[in-house]
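The shown structure was predicted, so the numbers you read here are calculated from the model rather than taken from an experiment. Numbered from 1 within each chain, the chains take letters A, B, ... in sequence-line order.
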Amino acid sequence: MTVRLAAGTRQQMLQHAYDCHPEEACGLLAGPVDGDVQRVFPTTNILHSSTNYTIDPKQHLAAIRAADQEGFEIVGVFHSHPHTVGYPSVTDVTLAPDPTWLYVLVGMEEYGSPTVRAFRISDGVITEEELEFEESMT
Amino acid sequence: MTTINLPTILRQHTGGAKKITASGRTVGEVFAAIGSEYPKLGEQLTSPDGGLPIFVNVFLDDEDIRYLDGLDTVVDENADITILPAVAGGR
């Protein structure tokens, strides 16, 4: 299944990944349930680690409220791997909170050529999703 | 009655309801009331030692109850409780 992401979302995730480098960057994705990703909410990695992340719960709450105002739900999460490929780690799989969520990975193994890939993680099984980023009108 | 906002992952235990209501003097009592009506949901809100599960965050209005009195935090009946999954991962 192809997942569509609104214009600007890819750039927002990449910018946050670079801003946080060498720490892992993280954030939440919002949109209609089972629909496209419309919003990216960059958040603080409260671990400030290059190998692990935990989203600031207060910012998670704020993202839920902001999404709710637009009739959206939190439908996924993104984070970066500052020095490795953008593929879910064992820890990512173990801690994945919701099988319906989209898990977007920004891989920065090659610092100047980051990758953006997305996955579903259900019962420990990783399934890659095809991404389609809408073009910006500006 | 206190309104409890649920994340998508927990709505499978409430027939898809995004919000439910329950009564209680404290967060723990509200969770006990939830467990009576939605046993599967109640299981997700309690750790084996009777405390709050490590991968669950609970906000009373804007405050994380871990920084208040945990499950003993007193609940105003006009307050909102929001339950969030902890979102974490790593290499």
Side-chain angles (χ1 to χ4, degrees), chain A residues 23-24 26-30 33-34 41 43 45-47 49-65 67-68 73-101 103-105 107 109 119 121-122, chain B residues 2-21 27 30-31 38 40-47 51-71 73 75-76 78-91:
Chain A
E23 297 177 2
E24 287 200 9
C26 54
L28 293 160
L29 311 173
V33 173
D34 298 329
F41 296 100
T43 58
N45 174 3
I46 58 174
L47 300 181
S49 162
S50 63
T51 56
N52 290 282
Y53 79 93
T54 295
I55 285 184
D56 183 332
K58 273 211 154 188
Q59 293 178 3
H60 187 170
L61 179 67
I64 284 177
R65 289 177 174 170
D68 192 52
E73 299 278 356
I74 299 301
V75 294
V77 57
F78 79 93
H79 76 281
S80 66
H81 284 176
H83 305 292
T84 55
V85 294
Y87 191 83
S89 66
V90 172
T91 309
D92 292 332
V93 172
T94 303
L95 298 181
D98 190 328
T100 68
W101 275 16
Y103 295 85
V104 174
L105 268 292
E109 188 177 34
F119 308 86
I121 302 173
S122 180
Chain B
T2 301
T3 299
I4 301 99
N5 303 297
L6 300 170
T8 50
I9 184 62
L10 294 181
R11 295 176 201 167
Q12 61 186 300
H13 305 306
T14 61
K18 182 177 177 177
K19 295 173 187 282
I20 57 174
T21 56
V27 174
V30 170
F31 282 5
Y38 306 100
K40 294 279 188 191
L41 178 56
E43 289 172 14
Q44 301 295 316
L45 302 178
T46 312
S47 67
L52 193 60
I54 191 168
F55 290 111
V56 172
N57 294 311
V58 178
F59 282 83
L60 180 65
D61 291 328
D62 295 335
E63 299 301 323
D64 187 333
I65 67 163
R66 283 198 172 88
Y67 299 104
L68 299 172
D69 292 322
L71 292 173
T73 302
V75 176
D76 183 297
N78 296 319
D80 266 19
I81 291 176
T82 302
I83 299 168
L84 305 177
V87 184
R91 191 173 66 191

Next on the checklist: Measuring from atom OG1 of Thr82(B) to atom CD1 of Ile64(A), what distance do you get when rounded to the nearest 0.5 angstrom?
Outcome noted: 6.5 Å
Item to check | Between CG on residue Leu61(A) and CG on residue Asp61(B), distance to nearest 0.5 Å | outcome: 9.5 Å
Checklist entry - So do Asn57(B) and His60(A) actually touch side chain to side chain, heavy atoms under 4.5 Å? => result no
Checklist outcome for this item: Applying a strict 4.5 Å limit to non-hydrogen atoms, the region of Asp62(B) in contact with chain A is both
Next on the checklist: Whether Asp68(A) and Lys18(B) form a salt bridge (side-chain N of Lys/Arg under 4.0 Å from carboxylate O of Asp/Glu) is what I want to check.
Outcome noted: yes
Checklist outcome for this item: Counting heavy-atom pairs under 4.5 Å with chain B, the top scorer among Glu73(A), His79(A), His83(A), His81(A) is Glu73(A)
Checklist entry - So which heavy atom on Ala86(B) is nearest to which on Pro97(A), and how close? => result O-CB, 4.1 Å
Next on the checklist: Set out, in order, the CA-CA distance, both residues' side-chain angles and the distance that settles side chain to side chain contact (heavy atoms under 4.5 Å, CB included) for Trp101(A) and Ile9(B), then state yes or no.
Outcome noted: CA-CA 9 Å; Trp101(A) 275 16; Ile9(B) 184 62; over 6 Å; no
Checklist entry - Which bit of Thr100(A) is near chain B, if near means a heavy-atom gap under 4.5 Å: side chain, backbone, both or neither? => result side chain
Item to check | Within residues 85-92 of chain A, residues adjacent to chain B where the heavy-atom gap is under 4.5 Å | outcome: Ser89(A), Thr91(A), Asp92(A)
Item to check | Heavy-atom contact with chain A under 4.5 Å, split by part of Thr8(B) | outcome: both
Next on the checklist: Under 4.5 Å from any heavy atom of chain B, what part of Leu47(A) do you find: side chain, backbone, both or neither?
Outcome noted: neither
Item to check | Leu84(B) versus Pro57(A), closest heavy-atom pair with distance | outcome: CD1-O, 3.7 Å
